[in-house]
Amino acid sequence: GVAGGCFDYQKVACFYTPKVLLKDTWNWCTGECRAGPLVGKVPSDVSNSLVRHINGGCWDGTETKPNTEVAKKDMIMTDASNECRLEITENKNVRPWVVYPGAVQIGTYK
């Protein structure tokens, strides 16, 4: 049987399910960061979100520089504007990763 962690003594192998996070050149990453209530079966954006997640995904706004002529207080991006952070824990509905739908095996079967 399994003896803690990912190791299985009967199969002499370790199995784990990775989380995958990919970020493109426009600073969008995988996952789901719309933490508002469900509308039908689709989550919606929360009212205080600076990002519109029309097609889902998460966005890293830390590299965004507002136009100084039209800059507003709510346009200032900080580390909190990075929805692609792996250490996000304050909102369990925001997940900037995709869970691999299987397991990765390290080791061999007996």
Side-chain angles (χ1 to χ4, degrees):
V2 177
C6 68
F7 192 73
D8 186 318
Y9 282 110
Q10 291 177 346
K11 296 178 180 176
V12 189
C14 187
F15 296 87
Y16 69 95
T17 303
K19 295 176 182 176
V20 179
L21 188 148
L22 299 172
K23 189 164 109 174
D24 67 17
T25 56
W26 295 284
N27 291 337
W28 283 95
C29 63
T30 55
E32 185 62 70
C33 287
R34 294 183 288 179
L38 291 177
V39 177
K41 294 185 178 183
V42 179
S44 63
D45 286 322
V46 290
S47 60
N48 64 349
S49 176
L50 298 177
V51 181
R52 293 196 58 202
H53 304 89
I54 296 169
N55 298 311
C58 301
W59 189 64
D60 176 359
T62 57
E63 297 175 18
T64 301
K65 304 293 183 235
N67 182 331
T68 56
E69 294 176 12
V70 295
K72 297 179 183 175
K73 183 180 178 186
D74 63 350
M75 292 176 67
I76 304 304
M77 298 298 184
T78 63
D79 283 342
S81 305
N82 183 359
E83 297 174 332
C84 299
R85 296 182 324 238
L86 285 174
E87 68 277 2
I88 290 177
T89 57
E90 65 269 10
N91 188 337
K92 301 215 183 286
N93 292 327
V94 175
R95 292 180 300 279
W97 55 80
V98 175
V99 177
Y100 178 69
V104 175
Q105 172 190 336
I106 299 176
T108 58
Y109 288 104
K110 278 188 173 181

Residue pair [X] / [Y]: nearest heavy atoms and the distance that separates them:
| X | Y | result |
| --- | --- | --- |
| Arg85 | Pro96 | O-CG, 3.4 Å |
| Pro37 | Ser44 | O-OG, 2.8 Å |
| Thr30 | Leu21 | OG1-CA, 3.4 Å |

Exercise for the section: May I ask you to check if the distance between the SG atoms of Cys58 and Cys84 is under 2.5 Å? Expected result: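 Answer is no: Cys84 does not pair with Cys58 in a disulfide.
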
Handout entry: OH-OG1 distance between Tyr100 and Thr17, expressed to the nearest 0.5 angstrom
Key =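 Interatomic distance, Tyr100 OH to Thr17 OG1, rounded to 0.5 Å: 9.0 Å.
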
Problem - Separation of Phe15 CZ from Gln105 CD (nearest 0.5 Å) - result: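 Gln105 CD to Phe15 CZ: 4.0 Å, rounded to 0.5 Å.
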
Handout entry: salt bridge (Lys or Arg N to Asp or Glu O under 4.0 Å) partners of Lys19, counting only residues at least two apart
Key =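 Result, salt bridge (Lys or Arg N to Asp or Glu O under 4.0 Å) vs Lys19: none returned.
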
Practice task
For the pair Trp28 and His53, name the ring-plane relationship: parallel under 30°, tilted 30 to 60°, perpendicular over 60°.
Solution key: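 Perpendicular, since the angle between the ring planes exceeds 60°.
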
Exercise for the section: May I ask you to list the residues sharing a hydrophobic cluster with Val39, side-chain cutoff 4.5 Å, ordered by chain and number? Expected result: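 Other cluster members: none.
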
Handout entry: Residues clustered with Val20, ILVMFWY side-chain links under 4.5 angstrom
Key =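 Hydrophobic cluster check, Val20: joined to Leu22.
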
Practice task
Not counting sequence neighbours, which residues clear side-chain contact (heavy atoms from CB on, under 4.5 Å) with Asn55? List them please.
Solution key: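 Residues passing side-chain contact (heavy atoms from CB on, under 4.5 Å) with Asn55: none at all.
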
Handout entry: Under 3.5 Å donor-acceptor, Trp97 side chain and Pro18 backbone
Key =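 No, Trp97 side chain to Pro18 backbone: no donor-acceptor pair under 3.5 Å.
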
Handout entry: Selection residues 43-61 - residue pairs positive for salt bridge (Lys or Arg N to Asp or Glu O under 4.0 Å), sequence neighbours left out
Key =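 Sorted pair list: Lys23-Asp60.
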
